[in-house]
Amino acid sequence: MSGFNRRNFLQTTGAFALAAAHGGAFPGIANAARTDELNIYCWEGYNSDDVLDPFRRETGAKVRAEGLTSDPDAVNRLRAGETKVWDLINLNNPWAREMMWPEGLIKELDRDRFDPMFNDMMPAFHAPYEWAMDKTGEHLLGMTQRFGPFNFVVNTDKISRAMGEDQGFNIFLDPAMKGKYGILTYDNWNIYHMCVTAGVDPFKSHSKAEIDAYAKVCKQIFNGAKLLTDDLVAMNLALINGEIDAYFTGGTYTASPARFDGSKQVRGITPKSGPMNGKGGIVWIELTSLVNNPNPSTIAEDFLAYVQRPEVSKKVAFAEGTYNPVTQMGSKEVMAQFNKDELDAIQWDTLEEEMSNSTDYDINPDYAEMYDIYSAAKRERES
Amino acid sequence: MIRWLMQPGVRAAVPISILLLLGFIGPLLMVTGYSFMPPRTFSLTGTPTLANFISIISDSYYISFLWSVGLAAITVLILLVICYPVSYGMAKMFGPWANLVTMIIAVPLLVSENIRLFGWVLFLLKNGIADGSLQYLFGIHLPSILYKVPAIILGLVYVYLPFMLFPLVIGLSMVPNAVKEAAFDLGASRFQVFREIEVPLAMPGILIGSLLVFVLALGSLAESKILGGQAVIMIADDIESAFTFAQNWPKGAMLSLLLISSSGCLIFFLFKRIDLDRIIGRR
Amino acid sequence: MSSEISEPVLQLRNIVKKFGDFTAVDDINLDIGDGEFFTIVGPSGSGKTTMIRMLVGMDRPSSGDIILRGQRINDVPANKRPTCMVFQSLALFPHKTVGENIEFPMKIAGVEPGKRRERADELLAQLRLPLAYYSKGVNQCSGGERQRIALARALAYDPDILFFDEPLSSLDFRLRKTLEKELKDIHRETKKTFVYITHSLEEAMVMSDRIGIMNAGEMIQVGTPAEIYDAPRNKFVGEFMGEVNTIEVERVSEKHVRSLSDGTEFTVAREPDNFERGYLIIRPEIVKIGRPAEDLPNRVHGTVFNDYSLGSRIQYQIRSKSDQYQWLVERLQDEPYEGKLDDEVYIGWQSEDAILVSD
């Protein structure tokens with residue numbers, strides 16, 4: 001999953017202290033024998049014991065996994081010297097290709113071993129998969145697994161799926177929706193979606209006029225919101241109880257826990273059209289890469305192969321708190337792991353259609369400037 | 001110098017001093033250092049600059065500061081009014097029952113603040129416990145305060161109540177009954193006893209409670225996030241965003257520095273003006 | 001000094017105070033005269049503190065009337081009564097200076113600051129406190145000085161009656177003796193009514209015009225110090241006054257009684273009405289020892305067990321031959337007596353010096 005989805009200030013502050021110490025920590029780990037241990041830095045899910053324990057039993061290795069709180073934070077930690085610490089890193093799609101590979105923070109995978117695995121995935125991910133390759137198309141940079149469209153979520157008892165898909169983010173600008181929606185404060189996603197709402201493609205350099213249009217939408221969306229929270233459980237609760245009819249920024253990742261609990265009216269919506277080469281939705285894909293550790297663990301690649309197994313893929317998809325589709329669902333053996341309720345929770349019925357209406361998550365070159373506009377609009381919100 | 005170092009008191013203070021230095025002064029120095037680094041950098045080796053300070057004062061951060069200060073002040077006032085009578089009862093009247101009251105108030109502290117606040121959300125939510133019960137019992141539907149400023153104040157008052165109550169109990173139990181009776185006997189009305197005797201003598205407790213609550217509420221985040229739906233953005237929220245989503249540590253550090261130094265100044269000012277020694281009667 | 005009082009300022013009529021089932025003050029009637037120094041004496045638990053709290057207005061009687069200059073004041077709270085109290089703990093205001101403490105009642109009464117200051121200086125002088133103490137913190141003052149400040153503060157209230165709740169009990173012996181006399185001097189200077197409570201009869205004797213002795217919530221005896229000394233009403237009062245010899249006796253015939261322990265007969269000068277059985281109280285200082293005792297009408301034969309020096313006097317413990325009663329006998333140092341420890345001696349007294357009480 002992507003964005004700063006967990007409010008975990010302490011953890012971030014911990015990272016701050018650690019980075020400031022310039023990676024001087026964990027000297028013991030760096031110099032220890034590396035055949036029987038593995039350190040994974042990942043979005044929550046891969047760090048669950050359900051996923052790790054079978055691997056620990058098979059290899060007898062000491063496997064340590066730490067949940068991360070933000071993509072850029074994690075990259076910062078690698079930059080600050082933690083490549084000595086970690087063996088695997090699990091981030092959203094753009095980082096490997098755009099930042100970590102050019103900066104030498106990650107290593108390539110053995111294509112002979114891993115390319116065939118891509119061909120067992122859903123058709124869109126067959127080798128060579130763009131986000132898994134470097135820009136020359138020669139080197140394989142990581143394996144995909146979890147992914148999902150991420151746009152907005154509605155209560156279909158109030159707003160139909162068809163209406164949401166047709167109107168897209170414009171429903172949040174409708175005066176009739178004022179005070180009837182929430183904003184899930186995954187701030188980086190909101191910035192992208194506010195661009196989309198303003199009719200601007202977020203993943204390119206922006207003109208002054210485009211930034212002004214974005215700023216205007218920012219203010220309007222904040223001023224019309226009933227509540228802001230970064231807690232997806234609280235947000236779903238507000239949606240189910242009728243405090244709000246929709247929330248800005250959300251998708252399978254946030255809707256699936258409520259759907260799995262039986263609240264099927266909670267549904268992630270992907271707009272049918274928008275400013276990104278005609279597309280209105282954004283999808284995130286996680287990529288797990290080998291960290292360029294000077295003293296690498298010998299079992300890191302084995303772990304990447306291990307998580308491709310059908311039963312492990314299922315455990316990753318339904319790990320903790322949130323549930324997500326996995327690219328391995330292209331294979332029959334993996335599909336056989338899921339029952340009807342689970343497939344319904346992750347909106348399997350419309351997933352293909354939503355994917356075809358979405359563009360892939362990327363890097364916004366004007367993020368810093370847009371963030372300042374965003375945070376000012378949030379602060380100056382009329383409540 | 002050597003002899004000073006060899007004193008048992010000095011030697012005994014060494015471990016705690018090192019701990020304080022590492023755990024308290026160290027981070028403070030780091031925050032200070034970062035707040036003068038160029039924006040959006042991640043090391044302490046840049047050329048010092050006031051850019052963060054300038055960008056903060058030229059932006060609308062004063063709104064978050066004012067909300068935080070205002071809500072903290074309101075919380076202190078409300079808690080003084082609520083806690084004074086309760087702590088009076090606990091200090092002077094409840095006798096053995098005071099322990100029970102202490103338990104009832106202290107036990108929730110064992111539960112995480114976020115969980116307790118989320119409980120309030122369930123209570124206040126539309127069709128939630130309060131609204132649902134009222135509808136079922138009386139068929140009435142009241143406008144909800146959830147996701148509005150009053151809900152934030154409710155949360156702050158609820159969460160920080162013990163921090164006001166217990167210092168007040170201690171403050172009020174420091175007021176000897178005989179002294180109040182003497183004032184009453186010398187002709188003072190109940191209100192004059194309260195103003196001339198009780199409040200001045202309980203002032204250490206009142207001050208400590210108020211300061212604790214004010215400083216905690218000033219740095220609070222969860223109440224506005226969970227109960228307030230961020231109807232207002234607290235300064236702590238801005239600080240968190242700067243460190244996380246904005247990836248602008250120097251700005252976050254400068255905001256923290258401004259918050260820490262303003263509460264520091266307030267405490268310094270209060271303790272300068274109000275002579276605790278004199279109140280307690282040591283002089 | 002006489003037990004008759006001219007004009008009562010404070011009258012208590014059938015005062016009862018109950019705490020649940022416990023009766024702390026049981027049906028007390030008492031008149032206190034204008035300008036009198038009246039002391040209530042009793043052991044701890046006798047009800048004297050409960051009593052004074054009702055008189056000051058901190059507590060209300062369960063029944064009965066408190067009458068001040070003809071007005072019933074049961075329901076008047078302490079701050080509306082023209083009386084005030086010096087507390088056992090003194091209850092000085094620790095956050096105020098000596099001057100602010102003294103001026104407090106005047107400030108409450110709305111006296112203007114200049115007049116307050118003038119009066120405070122007067123009171124400091126009257127109580128022999130340096131004027132510079134005006135701006136001193138009360139906690140910087142010594143125990144004796146704090147006593148005087150508390151008294152000055154009470155006098156600043158200008159009360160009709162000034163109550164004292166054992167204010168001297170925490171002081172050392174010598175300072176207490178000094179302050180007892182000073183208090184009596186101030187009583188003479190101010191001519192106010194003082195009502196003092198204490199557990200020390202000795203303290204009461206030094207200062208008081210009249211004394212009321214309380215025990216178990218009842219007022220046992222009221223009178224001048226001399227009356228109480230000469231004629232304690234019962235065994236409790238007799239023993240409360242200090243070390244005495246008490247012999248349990250029964251009546252034999254008019255003015256003749258017999259000890260219940262060994263049957264020795266004694267004569268008395270007076271007997272209470274309808275006397276059947278009771279106690280003979282003989283104070284140590286009226287008992288003669290050795291040769292002077294041999295001609296006296298009441299005599300006991302015993303052994304000198306021990307002697308104790310009491311400054312100007314010597315006290316002996318004499319063990320009676322017949323019942324081993326431990327008699328206390330005192331004589332002045334310069335009175336001739338040649339006896340030694342373990343000598344067998346007679347002790348004796350005049351009939352009119354012994355006091356016979358019923359209970």
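Within every chain, numbering begins at 1; the chains are lettered A, B, ... in the order of the sequence lines, protein sequences first and strands thereafter. This one's a predicted model, so the numbers in the text were calculated from it and none came from an experiment.
- The CG atom of A/Leu237 sits 5.0 Å away from the CG atom of B/Leu125 when rounded to the nearest 0.5 Å.
- Residues A/Leu228 and B/Tyr147 are not in side-chain contact: their nearest non-hydrogen atoms beyond the backbone lie 4.5 Å or more apart.
- Counted within 6.0 Å of NZ on A/Lys216, heavy atoms from surrounding residues, nucleotides or ligands total 12 or fewer; the atom is thus considered open.
- Considering CZ of A/Arg79 and OG of B/Ser43, their distance stands at 12.5 Å, rounded to 0.5 Å.
- Residues A/Leu227 and B/Gln230 have side chains not in contact (no heavy-atom distance under 4.5 Å, counting atoms from C-beta outward).
- Here B/Val111 pairs with B/Ile115, B/Arg116 under the side-chain contact (heavy atoms from CB on, under 4.5 Å) rule; sequence neighbours left out.
- A/Arg379 contributes no side-chain N or O that, together with a main-chain N or O of B/Asp238, makes up a donor-acceptor pair within less than 3.5 Å.
- Here the side chain of B/Lys225 pairs no donor or acceptor atom with the backbone of A/Thr229 at under 3.5 angstrom.
- B/Asp59 CG to A/Ser375 OG: the interatomic distance, rounded to the nearest 0.5 Å, is 6.5 Å.
- Between A/Glu243 and B/Lys126 the shortest heavy-atom distance is OE2-N, 2.6 Å.
- Distance alone, capped at 3.5 Å, is enough to place a donor-acceptor pair between the B/Asn127 side chain and the A/Asn241 backbone.
- Here the OG atom belonging to B/Ser60 is positioned 10.0 Å from the CG atom belonging to A/Asp372, to the nearest 0.5 angstrom.
- At a 4.5 Å heavy-atom cutoff, the contact between B/Ile63 and chain A is made by side-chain atoms alone.
- Summarising the local packing, CZ of B/Phe118 is surrounded by more than 12 heavy atoms from other residues, nucleotides or ligands at distances under 6.0 Å.
- The choice from A/Tyr371, A/Phe222, A/Tyr374 that makes the most heavy-atom pairs within less than 4.5 Å of chain B is A/Tyr371.
- More than 12 heavy atoms of other shown residues, nucleotides or ligands fall within 6.0 angstrom of atom NZ in A/Lys226.
- Of the atoms belonging to B/Leu124, it is backbone heavy atoms, and not side-chain ones, that fall under 4.5 Å from chain A.
- Of all heavy-atom pairs spanning B/Gly229 and A/Arg381, the tightest one is O-NH1, 3.3 Å.
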